[in-house]
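Proteins get letters first, then strands, A, B, ... in listed order; numbering begins at 1 in each.
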Amino acid sequence: MEKSKENHFDLIYQVVRLIPEGKVTSYGAIASYLGLKSGARMVGYAMNASHTQMDIPAHRVVNRNGVLTGKHHFSQPEEMQQKLEAEGLQIEKDQIKDFNTHFWDPNELELDH
DNA sequence: GCAGTGACGTCTT
DNA sequence: GAAGACGCCACTG
């Protein structure tokens with residue numbers, strides 16, 4: 001059979017890749033979209049493995065508070081904030097300003113609402 | 001196989 | 001309102 005564990009990671013990568021520029025989302029939102037109840041931690045773990053996938057804009061994924069929790073895991077921590085600012089976002093003390101305004105939810109993709 | 005840890009989130013004190 | 005503890009699942013040692 002297949003490597004089911006990779007399946008989980010791949011799903012998370014797909015969602016993160018769909019994040020548009022200037023937008024950010026939270027681990028819980030991705031977990032909810034994938035149906036992971038407490039997957040928030042799992043999502044974060046997958047992001048750690050995302051280092052193998054350079055196509056994963058992990059800098060657009062922050063915690064529920066809009067804080068760059070994983071900035072320290074980047075090749076260069078400051079690069080995460082730099083990229084977010086380059087996309088038109090404002091970072092204040094490792095925290096995204098107007099996070100609610102720039103918040104992007106993957107659930108609205110299929111939800112034609 | 002057990003114990004510890006982790007890019008989080010929610011509940012309780 | 002803030003801080004601490006727990007839960008949940010996956011990976012490493």
To the nearest angstrom, how far is [X] atom [atom1] from [N] atom [atom2]?
X     : N      : atom1 : atom2 : value
A:I12 : C:dA10 : CD1   : P     : 10 Å
A:I30 : B:dA7  : CD1   : P     : 15 Å
A:L34 : C:dC8  : CG    : C1'   : 16 Å
A:D94 : B:dA7  : CG    : C1'   : 13 Å
A:Y27 : C:dC8  : OH    : C1'   : 17 Å
A:I96 : B:dA7  : CD1   : P     : 18 Å
A:N63 : B:dG6  : CG    : P     : 16 Å
A:N65 : C:dA3  : CG    : C1'   : 13 Å

query: Can you check whether A:T101's main-chain N or O pairs, donor with acceptor, with A:D98's side chain at less than 3.5 Å?
result: no

field: Steps toward salt bridge (Lys or Arg N to Asp or Glu O under 4.0 Å) verdict (A:K83, A:E87)
entry: CA-CA 6 Å; A:K83 286 184 177 181; A:E87 298 195 359; over 6 Å; no

query: Which nucleotide in the set B:dA7, B:dG9, B:dG6 lies at the smallest distance from any side-chain heavy atom of A:M42?
result: B:dG6

- prompt: Counting side-chain heavy atoms from CB outward, which of B:dG9, C:dA10, B:dA7 is closest to A:F74?
  reply: B:dA7

statement: Result for side-chain contact (heavy atoms from CB on, under 4.5 Å) between A:L11 and one of A:L34, A:L36, A:V43 points to A:L34

- request: Identify whether any heavy atom of A:A58 sits under 4.0 Å from a base atom; if not, whether one sits that close to sugar-phosphate; answer base, sugar-phosphate or nothing.
  value: base

- prompt: Base, sugar-phosphate, or nothing: which does A:N48 touch, judged by heavy atoms less than 4.0 Å apart?
  reply: base

- prompt: Does a side-chain heavy-atom distance below 4.5 Å link A:F103 with A:T25?
  reply: yes

